[in-house]
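Just so you know, these numbers come straight off a predicted model, no measurement behind them.
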Amino acid sequence: MSDAAINPAAAAGFARGAGDYEKARPSYAPEAIALIARTADLGPARRVLDLAAGTGKLTRQLVPTGADLVAVEPVAEMRATLAELCPGVEILDGTAESIPLPDHSVDAVTVAQAFHWFDAPSALREINRVLKPERTLVLMWNVRDERVPWVKAFTELLVARSGGRPYTPYHSIDETAGEAMTGDFVADIGAAGLFGAVSHAEFANPQRTSPEGVVARAASTSFVAALPEARRVALLDEVRELIATHADTAGRDELVFPHTTWVWWCRTI
């Protein structure tokens with residue numbers, strides 16, 4: 001499948017940044033994986049589609065459930081890394097809007113760190129098509145805690161120097177209540193009329209890393225990786241300078257990058 005079928009920034013950025021993505025992105029909170037396994041009733045008798053699987057960050061965490069896994073990913077460089085790290089998992093070229101699986105062929109669909117890239121109405125119709133009746137769709141994200149000053153500065157730097165995110169931000173936190181605020185995707189699910197009520201849970205997921213790990217995290221961001229080389233290198237140097245000079249990070253060899261794993265799930269009706 002041509003990368004032209006997906007957002008150009010995603011196609012270019014994730015192709016270029018696959019190595020940084022694998023190296024720098026956190027896994028998902030173990031409690032979130034346990035929740036998925038429980039709510040979707042995963043096990044050896046179940047077939048699970050990990051959609052837009054990337055390098056297999058979530059795919060690998062689902063392997064111990066014993067479910068039969070199939071990963072769909074449109075970017076060739078991501079698929080290559082996924083194949084190395086997830087031997088035995090069926091891997092297919094495809095998009096959320098054109099899933100290469102038969103009708104009613106899977107018991108659960110998981111989408112990690114990706115739904116914000118989808119054409120939501122089209123993707124939800126396809127997800128509903130491949131899911132069996134009364135089975136589970138799971139959406140999840142690792143979200144940076146931007147209430148932490150250096151993390152907020154990191155995000156603001158990436159957005160300012162890159163020209164902004166090429167998608168509607170999916171992550172927002174109520175500054176007063178400290179709670180996750182749902183994105184437009186929840187309204188999209190309701191508008192589709194194909195799924196029941198959406199439930200939500202969140203779990204702390206701090207990531208231990210290094211200053212260069214934070215730089216790699218910046219490099220793994222699709223819209224940063226897609227920049228012309230000179231701008232990309234200059235931005236990464238600014239990230240190094242931020243970490244070297246910010247009061248909360250200066251002089252530290254090890255950092256804790258605060259994340260929360262957010263999970264939303266619903267069932268076909």
To the nearest 0.5 Å, how far apart are [atom1] in [X] and [atom2] in [Y]?
| X | Y | atom1 | atom2 | value |
| --- | --- | --- | --- | --- |
| Ile91 | Leu82 | CD1 | CG | 3.5 Å |
| Thr155 | Glu146 | OG1 | CD | 3.5 Å |
| Asn142 | Ser27 | CG | OG | 8.0 Å |
| Asp188 | Phe195 | CG | CZ | 11.5 Å |
| Leu49 | Glu126 | CG | CD | 10.5 Å |
| Glu241 | Leu157 | CD | CG | 10.5 Å |

Does any non-hydrogen side-chain atom of [Y] lie less than 4.5 Å from one of [X]?
| X | Y | answer |
| --- | --- | --- |
| Leu255 | Ile243 | yes |
| Ile127 | Val109 | yes |
| Phe154 | Val239 | yes |

List for me each residue that meets salt bridge (Lys or Arg N to Asp or Glu O under 4.0 Å) alongside [X], sequence neighbours excluded, and say none if there are none.
| X | value |
| --- | --- |
| Glu31 | none |
| Glu212 | Arg240 |
| Arg231 | none |

Residue pairs meeting side-chain hydrogen bond (donor to acceptor under 3.5 Å, both in side chains), one or both in residues 244-256, sequence neighbours left out, come to Arg208-Glu254
Considering residues at least two apart in sequence or located in another chain, which fulfil the side chain to side chain donor-acceptor pair (under 3.5 Å) criterion with [X]?
| X | result |
| --- | --- |
| Asp68 | Arg47 |
| Lys132 | Asp107 |
| Glu156 | none |
| Thr59 | Asp50 |

Mark yes or no for whether [X], through its side chain, and [Y], through its backbone, hold a donor-acceptor pair below 3.5 Å.
| X | Y | answer |
| --- | --- | --- |
| Arg79 | Pro74 | yes |
| His200 | Trp262 | no |
| Thr65 | Gly43 | no |
| Lys57 | Arg25 | yes |
| Ser105 | Pro102 | yes |
| Glu97 | Ser122 | no |
| Thr221 | Phe223 | no |
| Thr268 | Arg135 | yes |

Applied to residues 258-269, the salt bridge (charged side-chain N to carboxylate O under 4.0 Å, His left out) test, sequence neighbours excluded, yields none
With sequence neighbours excluded, give me every salt bridge (charged side-chain N to carboxylate O under 4.0 Å, His left out) pair touching residues 32-41.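 Pairs touching residues 32-41 that pass the test: Asp41-Arg46.
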Do Trp264 and Phe115 have ring centroids that are under 6.0 Å from one another?
no
- Could you walk me through whether Leu194 and Arg125 pass side-chain contact (heavy atoms from CB on, under 4.5 Å), step by step? CA-CA 8 Å; Leu194 302 169; Arg125 287 193 297 271; 4.2 Å; yes
Does the side-chain contact (heavy atoms from CB on, under 4.5 Å) test come out yes or no for Phe185 and Val198, once each step is laid out? CA-CA 10 Å; Phe185 62 88; Val198 180; 5.8 Å; no
Electrostatic pair Arg60-Glu22, nearest N-O below 4.0 angstrom
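Result for this pair is yes, salt bridge flagged.
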For Tyr28, the ring-ring contact (aromatic ring centres under 6.0 Å, His included) test, sequence neighbours excluded, returns none
Sorted by chain and residue number, the ring-ring contact (aromatic ring centres under 6.0 Å, His included) partners of Trp150 (sequence neighbours excluded) come out as Phe257
Practice prompt. Verify the distance criterion only: is there a donor paired with an acceptor across the side chains of Trp141 and His116 at less than 3.5 Å?
Written response: yes
- Query: Regarding Arg217 and Thr209, is there a side-chain donor-to-acceptor distance under 3.5 Å anywhere?
  - Reply: no
